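Each chain gets a letter, A, B and so on, in the order the sequences are listed, and its residues count up from 1. Just so it is clear, the model here is predicted, and its values are computed rather than measured.
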4 protein chains.
Amino acid sequence: MAQNDKDKLIIDAGLSVFCKKGYASTRMADVAREAGVSYGLVYHYFGSKRALFDTIVDTWWNDLYHVLEEQKESQDDIPKKLIAIIQFFLDTYSTRPNLISIFISEVSRSSVYHTTVGLSKFKKFFSLCEDIVKEGQGKGILRSDVKPHYLTYIFLGAVEAFISILVLGKEKLDISKKKLITDGVIQVFLNGAKAK
Amino acid sequence: MAQNDKDKLIIDAGLSVFCKKGYASTRMADVAREAGVSYGLVYHYFGSKRALFDTIVDTWWNDLYHVLEEQKESQDDIPKKLIAIIQFFLDTYSTRPNLISIFISEVSRSSVYHTTVGLSKFKKFFSLCEDIVKEGQGKGILRSDVKPHYLTYIFLGAVEAFISILVLGKEKLDISKKKLITDGVIQVFLNGAKAK
Amino acid sequence: MAQNDKDKLIIDAGLSVFCKKGYASTRMADVAREAGVSYGLVYHYFGSKRALFDTIVDTWWNDLYHVLEEQKESQDDIPKKLIAIIQFFLDTYSTRPNLISIFISEVSRSSVYHTTVGLSKFKKFFSLCEDIVKEGQGKGILRSDVKPHYLTYIFLGAVEAFISILVLGKEKLDISKKKLITDGVIQVFLNGAKAK
Amino acid sequence: MAQNDKDKLIIDAGLSVFCKKGYASTRMADVAREAGVSYGLVYHYFGSKRALFDTIVDTWWNDLYHVLEEQKESQDDIPKKLIAIIQFFLDTYSTRPNLISIFISEVSRSSVYHTTVGLSKFKKFFSLCEDIVKEGQGKGILRSDVKPHYLTYIFLGAVEAFISILVLGKEKLDISKKKLITDGVIQVFLNGAKAK
DNA sequence: AATGAATGAGCTTTCATTCAT
DNA sequence: CATGAATGAAAGCTCATTCAT
């Protein structure tokens with residue numbers, strides 16, 4: 001815990017600077033300064049700007065995969081699984097806003113388009129979600145007249161849109177607001193937007 | 001009208017190159033070469049890389065605003081209005097795939113986040129959609145136990161997710177597929193994903 | 001001849017700086033300054049440090065090939081052909097000392113060892129010389145009890161050693177000294193070092 | 001003798017890496033890794049990259065001086081002395097190919113080397129050879145109508161060219177080939193390339 | 001003696017932009 | 001309008017060297 005957390009320092013600095021300025025406008029010098037270390041040390045640990053960025057972003061992907069696999073295996077019913085996914089996003093927004101901000105603004109679209117690695121990570125993410133949706137259709141919980149990956153897009157699109165808005169508006173998120181959003185998304189997704 | 005369409009040429013070239021490589025990786029030299037004009041002429045017409053990009057993207061925003069305002073004013077019922085919005089996105093995907101690809105990958109998140117201009121355009125866009133949603137709630141068509149802007153996010157998030165996927169997969173879109181998607185989104189949005 | 005000799009200027013500057021400092025210690029900034037042009041223009045014309053260097057060195061190789069091919073085809077007797085080769089080296093030393101200096105100190109050994117291109121250029125050079133030697137053996141002028149490529153090495157080694165010494169010692173070369181060297185090399189090569 | 005041969009390890013590693021990559025492209029990290037020691041230890045023993053290189057090269061110079069001085073003093077006749085020199089080069093090529101490879105590619109021509117320490121070493125080397133040549137002229141064995149240092153260049157150039165070729169081609173050298181080369185060089189040097 | 005994290009000056013290269021023609 | 005040679009600030013990255021342990 002003592003001396004050798006320089007790499008952690010650098011990751012934190014990267015998180016902050018990438019979030020503030022975006023990947024393209026981030027200077028390695030900024031990261032080094034923010035971390036309070038020398039220029040070269042960033043390269044000593046991470047080798048390149050891209051590698052530093054990927055290291056940061058991978059912690060996000062791994063957590064995401066972990067949660068989705070957990071839900072896939074769990075014995076909970078489908079609505080609970082979907083709620084768990086929404087809550088994971090909201091919780092990450094609360095605890096690591098910079099990380100999710102980077103995901104939304106730098107990863108979720110651009111990188112996917114222009115890098116093969118990005119694309120494959122996304123596909124794995126979608127695929128895990130789709131498995132849950134399929135399970136729901138198989139159990140007769142979710143409607144089967146819409147293709148499972150259509151349902152998946154709709155669900156994830158809605159969740160991601162919410163997170164984007166939170167990020168864009170830098171909104172504070174307390175427990176009651178979290179519940180409001182979770183309920184709103186899950187309600188509309190399951191029962192529809194139509195008044196009853 | 002005949003002789004001087006160099007600016008159109010440049011816009012088309014920009015559309016193509018920005019789409020293929022992304023804003024950051026696009027070189028003005030690429031654009032000029034693709035347009036078959038010289039370096040300097042791009043500057044003569046557009047002044048800067050950013051300005052060229054914005055000019056391109058603005059045609060999208062304007063069309064989008066136009067459709068939304070049209071729908072806002074129209075006498076159609078709410079479902080029809082929502083369908084029109086979905087169809088506008090799908091139609092643009094068919095007719096100007098490069099444009100919508102740029103919107104998805106370069107505008108909808110990143111630029112909004114890191115430029116003030118982007119943010120205000122987005123707010124206007126959301127606001128126009130929200131007006132339609134509010135109208136739906138006012139008329140008792142859409143549920144009122146969920147905040148109007150929550151409903152808006154869910155709807156737009158779902159639509160955007162679809163378009164993203166189309167773009168990513170470079171999917172062909174014929175009339176029947178268009179109908180399938182439109183129906184899927186509108187059905188799930190209005191009546192929910194739950195099996196009946 | 002008027003305005004657009006910038007590339008010539010840069011080549012001359014490169015010749016001078018590479019010669020003075022060696023490839024590794026040459027800074028592109030030095031070349032640009034020496035040429036009186038901007039930093040970027042060097043890249044505009046040559047693309048990279050290596051490319052600039054190769055362009056410079058290639059003029060040497062091409063001249064060398066040219067002379068050797070000329071001699072190969074010529075109707076002169078073998079001693080005259082060998083003398084022509086020696087004189088070409090000595091003349092180049094007089095007229096373009098920087099060029100031959102670069103050849104000796106940067107190309108003739110190091111680059112050959114560490115680049116495939118360098119190696120193949122050398123092989124072509126050797127091969128052209130060997131053809132002349134073989135012709136001499138075929139005509140009964142040169143001894144045949146020593147392998148042709150051995151004879152070639154000995155001849156070229158002697159010539160190159162002379163040039164190296166001139167370069168390293170920055171010696172002045174007048175006509176009489178040129179003759180002295182040419183005679184010495186050709187005499188010893190043909191008739192041997194042994195006193196008669 | 002047993003425990004502390006780290007400096008030997010480093011020299012061997014340097015020998016190998018300098019040979020493989022050349023001085024400029026050699027990284028101290030490569031040397032340390034190859035030697036299986038740490039970064040800092042190389043500096044502990046040798047102080048700098050240049051110093052390490054010079055230390056390595058000096059073992060070559062010292063052996064070379066030693067042989068030349070031995071031959072200078074010896075009572076053998078001139079041809080035997082010259083043969084001994086040729087054989088020293090060929091033997092070193094057999095026993096320590098990396099060392100001679102470095103000499104050929106990094107020392108014998110490099111202008112950089114000559115500006116710093118190398119020039120005086122080279123002069124001593126030439127001077128020792130020249131003494132033998134002068135002795136040969138004095139005894140009426142070698143022709144006196146060519147300046148002694150010209151004869152020396154021719155002889156050494158021929159030898160060096162051979163070694164270069166061996167190094168370049170990574171040729172195997174057995175006893176019979178050694179004899180062939182030695183005889184070829186000495187024959188041509190003493191009696192000339194002309195057919196009798 | 002031995003380590004390797006840490007430094008930072010200095011390098012090559014890129015590319016949006018300018019401007020003389 | 002049109003060109004493209006020319007600019008140069010600024011970036012990412014390298015690597016010999018230092019030094020606390």
Side-chain angles (χ1 to χ4, degrees), chain A residues 2-7 9-10 24-33 35-52, chain B residues 3-4 6-7 10 24-33 35-53, chain C residues 3-7 9-10 24-33 35-52, chain D residues 3-7 10 24-33 35-53:
Chain A
Q3 93 275 36
N4 194 14
D5 293 336
K6 291 288 173 72
D7 53 343
L9 276 179
I10 293 168
S25 300
T26 289
R27 306 291 144 236
M28 289 303 258
D30 301 333
V31 176
R33 196 180 318 109
V37 302
S38 77
Y39 209 87
L41 199 64
V42 182
Y43 283 88
H44 182 74
Y45 280 113
F46 297 99
S48 78
K49 184 179 173 182
R50 189 85 240 165
L52 171 61
Chain B
Q3 101 258 41
N4 191 11
K6 291 286 174 75
D7 53 344
I10 293 168
S25 299
T26 289
R27 309 287 144 243
M28 289 302 260
D30 301 331
V31 176
R33 197 182 319 109
V37 303
S38 76
Y39 243 77
L41 200 61
V42 181
Y43 282 88
H44 181 75
Y45 280 113
F46 297 98
S48 79
K49 184 179 172 182
R50 189 83 239 169
L52 172 60
F53 184 79
Chain C
Q3 92 275 34
N4 195 13
D5 294 337
K6 291 289 171 74
D7 52 344
L9 275 180
I10 293 168
S25 301
T26 290
R27 308 289 144 239
M28 290 301 260
D30 300 334
V31 176
R33 197 181 317 110
V37 302
S38 78
Y39 221 86
L41 198 63
V42 182
Y43 283 89
H44 182 73
Y45 279 114
F46 298 97
S48 77
K49 183 179 173 182
R50 188 84 239 166
L52 171 61
Chain D
Q3 101 258 41
N4 191 11
D5 294 335
K6 291 287 175 70
D7 53 343
I10 293 168
S25 299
T26 290
R27 308 287 144 244
M28 289 301 259
D30 300 332
V31 176
R33 198 182 318 110
V37 302
S38 77
Y39 244 75
L41 200 61
V42 181
Y43 281 88
H44 181 74
Y45 279 114
F46 298 97
S48 78
K49 184 180 173 182
R50 190 83 240 167
L52 171 61
F53 184 79

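Checking E:dA5, F:dA6, E:dG8 against the side-chain heavy atoms of C:L41 singles out F:dA6 as nearest.
Partners of C:F46 by ring pair (Phe, Tyr, Trp, His ring centres under 6.0 Å), not counting sequence neighbours: none found. Applying the salt bridge (charged side-chain N to carboxylate O under 4.0 Å, His left out) test to B:R33 and every residue at least two apart in sequence or in another chain returns B:D30. The ring pair (Phe, Tyr, Trp, His ring centres under 6.0 Å) check on D:F53 picks up D:F18, D:Y23, with sequence neighbours excluded.
Spacing between atom CZ of A:R33 and atom C1' of F:dG12 amounts to 15 Å, rounded to whole angstrom units. Rounded to an integer number of Å, the gap from A:F46 CZ to E:dA5 P is 13 Å.
Between the CG atom of A:D5 and the CG atom of A:D7 there is a distance of 7.0 Å, given to the nearest 0.5 Å.
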Which parts of nucleotides 14-21 of chain F does protein reach within less than 4.0 Å, heavy atoms only, written one letter per nucleotide 5' to 3' as B for base, S for sugar-phosphate only and - for none? BSSBB---
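Contact between D:V31 and D:I10 at its shortest, heavy atoms only, is CG1-O, 4.1 Å. The two residues C:R27 and C:K49 come nearest to each other via the heavy atoms NH1-NZ, 4.0 Å.
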List the atom pairs, donor and acceptor, that lie under 3.5 Å between side-chain atoms in residues 35-43 of chain B and the rest of the protein, sequence neighbours left out.
residue	atom	partner	partner atom	Å
B:S38	OG	B:L41	N	3.4

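Scanning DNA chain E for stems, defined as runs of 3 or more consecutive Watson-Crick or G-U wobble pairs whose donor-acceptor distances all fall under 3.5 Å, gives the following ranges: E:2-21 with F:2-21.
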